[in-house]
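Notes follow once the structure below has been shown.
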Amino acid sequence: MVKRQAYQPILITDASRSQDDQLTSRQKRYVLMMGIRVACVIAGAVLVGTKAPLLWLWLPLVALGMILIPWLAVLLANDRPPKEEHRLANRFQPRHRDETPPMSLTAEERPHRIIDVEP
């Protein structure tokens, strides 16, 4: 009697996101962060133009946003989900090689070459 293995359905929640979905979400996040940077530039220009109170406090905050946000946007846009565990685990574990030499074929096991000779 052969034992049948239990059917293990593949859950859709276990599936990784497609590369197109990952790229689209990274692009949206990048555009959003660069939009915030543009808002920081505009806010800085408005603050300087109106000579707002506490300008000494607001300008460094806006400048920090204009410098850090593009850097973070590029880092996050190039970020990908981590690779599967088994891929990384195989890199650090030595591969087992078969130490037995390959067996040669006997004359009967070797493929025969048939030569057609024209009469």
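Residues: numbered from 1 along the sequence shown.
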Grouping I, L, V, M, F, W and Y whenever their side-chain heavy atoms are under 4.5 Å apart, do [X] and [Y] come out in a common cluster?
X	Y	result
W58	V48	yes
W71	I36	yes
L64	L75	yes
V41	L68	no

Could you tell me the separation between the [atom1] atom of [X] and the [atom2] atom of [Y], rounded to the nearest 0.5 Å?
X	Y	atom1	atom2	result
L72	D79	CG	CG	11.5 Å
L76	I69	CG	CD1	11.0 Å
L61	L57	CG	CG	5.0 Å

Worksheet item: Can you find a heavy atom in the side chain of M33 that is under 4.5 Å from one in the side chain of R29?
Response: yes
What's the shortest heavy-atom distance between [X] and [Y], and which atoms?
X	Y	answer
G65	P70	O-CD, 4.0 Å
R37	M66	NE-O, 3.4 Å
L47	L55	O-CD1, 3.6 Å

Practice prompt. Tell me, please, which residues at least two apart from D21 pass side chain to side chain donor-acceptor pair (under 3.5 Å).
Written response: S18
Practice prompt. State which residues pass side chain to side chain donor-acceptor pair (under 3.5 Å) with T24; sequence neighbours excluded, sorted by chain then number.
Written response: none
Discussion item. Keeping N78 on the side-chain end and V74 on the backbone end, is there a donor-acceptor pair under 3.5 Å?
Written reply: yes
Practice prompt. Please say which of M34, K28, R26 ends up in a side-chain contact (heavy atoms from CB on, under 4.5 Å) with Y30.
Written response: M34
